[in-house]
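Some notes on the structure that comes next.
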Amino acid sequence: MFKNLTIYRIAPGWNPALDVVDAALEAGSFAPCGATQEKSVGWVPPRGEAHDAFVESVGGQRLLKLMIQTKSVPGSLVREKADEAATEIEDTTGRKPGKKQMKELREDALLTLLPQAFPRTASVLVWIDQATGLLITDAVAQSKLDEVVTALVRTFDDLALRLVQTKVAPSTAMTTWLTQDANDWPDGIHVERECELKSVDEEKSVVKFNRHDLPTDDIRKHITEGKLPTRLALSYDGRVSFVLTEAMQLKKIKFLDVPEADSDADAFDADVALSTGELQRLIPALIGALGGEIKQADPLFGE
């Protein structure tokens, strides 16, 4: 269910009832892009069934789903159609359109072409763990994160979020783990066979290791020469594998030895129970391995 993670801290005091959350999400429900609309963002039922609840609670964990639909037209087509209109104006009036009119022609061309554009749809899961005060999303691209945070604070007026940051930067911790003996790794954390190192100089040279036993003398040499790890494959307690990034995001999450659900009807609940159950153990262990969470006083998203 979760292949990637970005972790936010919820400001204290936000704990609305389930029916309040559902009503707020329904008020901001998703509607497909209109003929001349470039983007539409809204909430949908997490189970994927029409008329289901907009928030699901499984084992006390709340799941939401945001739908993002976009339509785009190649800039070359917009320019071509605007140029055709400009040529027609010049032929008719004997004068070339100015900058302001060309901008209007391009806008008109875009509105004309948008109804023919094929919409692209993506969804983003949001997991709210009320017990720990964490909000987790499977989005990692900044554009999607911006959409998620904007939608959340627009939907819930009293919700404020901040990215979880740790006392030890992930790149610093990864450097330590790659240069020390396995016996010194944090409890439950095991370095796997993939990493990426990047130099901090102007060249920003990158070295990638895939399917290599880590750490190695080669990696230690690169680190000595000034390259820092930006991605490192890890596993926790032999139950979850993932790639930790310098931005404190988790990617390529895999749950190991996963039992199969008894039926299709149980699949959603089983996936939620399994993934949130394992991640509830992994996340605090990883934060602990990174020195603990920084209790920040800077403004939160939504304040």
Side-chain angles (χ1 to χ4, degrees), residues 1-10 15 18 21 45-48 53 55-66 123-141 144-145 148 152 161 163-166 168 170 173-174 177 182 185-195 214 229 231-293:
M1 175 167 281
F2 288 97
K3 295 183 178 180
N4 306 292
L5 287 186
T6 301
I7 310 167
Y8 293 88
R9 170 65 59 192
I10 302 172
N15 189 22
L18 200 64
V21 174
R47 288 183 185 270
V55 54
E56 291 288 344
S57 179
V58 179
Q61 306 304 312
R62 297 179 176 182
L63 272 293
L64 327 175
K65 182 183 282 189
L66 186 72
S123 63
V124 181
L125 275 176
V126 176
W127 162 31
I128 299 173
D129 186 348
Q130 295 285 164
T132 62
L134 294 178
L135 184 146
I136 298 115
T137 173
D138 64 349
V140 288
K144 283 187 179 180
L145 290 172
V148 171
L152 284 166
L161 304 167
L163 283 166
V164 166
Q165 294 188 21
T166 53
V168 178
M174 291 188 285
W177 301 338
W185 293 338
D187 289 344
I189 300 291
H190 189 276
V191 174
E192 296 298 335
R193 306 181 68 209
E194 174 188 342
C195 78
L214 306 177
R231 296 163 59 98
L232 178 61
L234 301 168
S235 63
Y236 175 68
D237 208 20
R239 301 179 65 86
V240 185
S241 67
F242 60 98
V243 172
L244 176 65
T245 76
E246 60 182 337
M248 184 57 190
Q249 293 178 325
L250 280 64
K251 297 183 177 182
K252 296 184 178 181
I253 296 172
K254 292 183 181 179
F255 300 99
L256 311 176
D257 299 323
V258 178
E260 293 186 3
D262 294 335
S263 67
D264 290 341
D266 298 332
F268 180 86
D269 295 270
D271 283 349
V272 172
L274 170 71
S275 57
T276 59
E278 294 293 348
L279 293 172
Q280 277 183 303
R281 298 175 64 245
L282 165 62
I283 291 171
L286 180 60
I287 291 174
L290 296 172
E293 184 178 351

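When reading the values below, keep in mind they use all heavy atoms of this one structure, side chains included, and skip hydrogens, waters and symmetry mates.
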Got a second to check how far [X]'s [atom1] is from [Y]'s [atom2], nearest 0.5 Å?
| X | Y | atom1 | atom2 | answer |
| --- | --- | --- | --- | --- |
| Thr276 | Ile136 | OG1 | CD1 | 9.5 Å |
| Leu135 | Leu64 | CG | CG | 7.5 Å |
| Leu234 | Cys195 | CG | SG | 10.5 Å |
| Phe242 | Leu286 | CZ | CG | 5.0 Å |
| Arg281 | Arg239 | CZ | CZ | 5.5 Å |
| Arg62 | Glu56 | CZ | CD | 12.0 Å |

Do [X] and [Y] have side chains that approach each other closer than 4.5 Å (heavy atoms only, starting at C-beta)?
| X | Y | result |
| --- | --- | --- |
| Val191 | Leu232 | yes |
| Leu244 | Leu250 | yes |
| Trp127 | Asp138 | no |
| Asp129 | Ile283 | no |

Hey, can you tell me if Trp185 and His190 have their rings parallel, tilted or perpendicular (30° and 60° cut-offs)?
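The rings of Trp185 and His190 stand perpendicular, inter-plane angle above 60°.
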If you look at every heavy atom in [X] and [Y], which pair is closest and at what distance?
| X | Y | value |
| --- | --- | --- |
| Gly133 | Arg9 | O-NH1, 3.2 Å |
| Glu192 | Ser235 | OE2-OG, 2.6 Å |
| Phe268 | Pro46 | CE1-O, 3.6 Å |
| Met1 | Asp271 | CE-CB, 3.8 Å |
| Phe2 | Ser275 | CD1-OG, 3.7 Å |
| Pro45 | Lys65 | O-CD, 4.5 Å |

Tell me whether the count of non-hydrogen atoms from other residues, nucleotides or ligands lying under 6.0 Å of NZ in Lys144 goes above 12.
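At most 12 heavy atoms, drawn from other residues, nucleotides or ligands, come within 6.0 Å of this atom.
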Kindly write out the residues that satisfy salt bridge (Lys or Arg N to Asp or Glu O under 4.0 Å) with Lys252, not counting sequence neighbours, or none if the list is empty.
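Once residues adjacent in sequence are excluded, the partners of Lys252 under the salt bridge (Lys or Arg N to Asp or Glu O under 4.0 Å) criterion are Glu194.
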Just by distance, do the side chain of [X] and the backbone of [Y] share a donor-acceptor pair under 3.5 Å?
| X | Y | result |
| --- | --- | --- |
| Thr6 | Ala139 | yes |
| Thr137 | Leu125 | yes |
| Arg193 | Leu214 | no |
| Gln249 | Val140 | yes |

Please test Leu163 against Met248 for side-chain contact (heavy atoms from CB on, under 4.5 Å), starting from the C-alpha separation and ending with a verdict.
CA-CA 9 Å; Leu163 283 166; Met248 184 57 190; over 6 Å; no
Step by step, would you call Leu63 with Val55 a side-chain contact (heavy atoms from CB on, under 4.5 Å)?
CA-CA 6 Å; Leu63 272 293; Val55 54; over 6 Å; no
Under-4.0 Å salt bridge between Asp269 and Arg47
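Looking at Arg47 together with Asp269, the answer is yes, because their closest N to O distance falls below 4.0 Å.
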Partners meeting side-chain contact (heavy atoms from CB on, under 4.5 Å) with Ser57 (sequence neighbours left out):
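For Ser57, the residues satisfying side-chain contact (heavy atoms from CB on, under 4.5 Å) (neighbours in sequence not counted) are Leu18.
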Among Ile128, Leu134, Val126, Leu145, whose side chain to side chain contact (heavy atoms under 4.5 Å, CB included) with Tyr8 holds?
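Among Ile128, Leu134, Val126, Leu145, the one meeting side chain to side chain contact (heavy atoms under 4.5 Å, CB included) with Tyr8 is Leu145.
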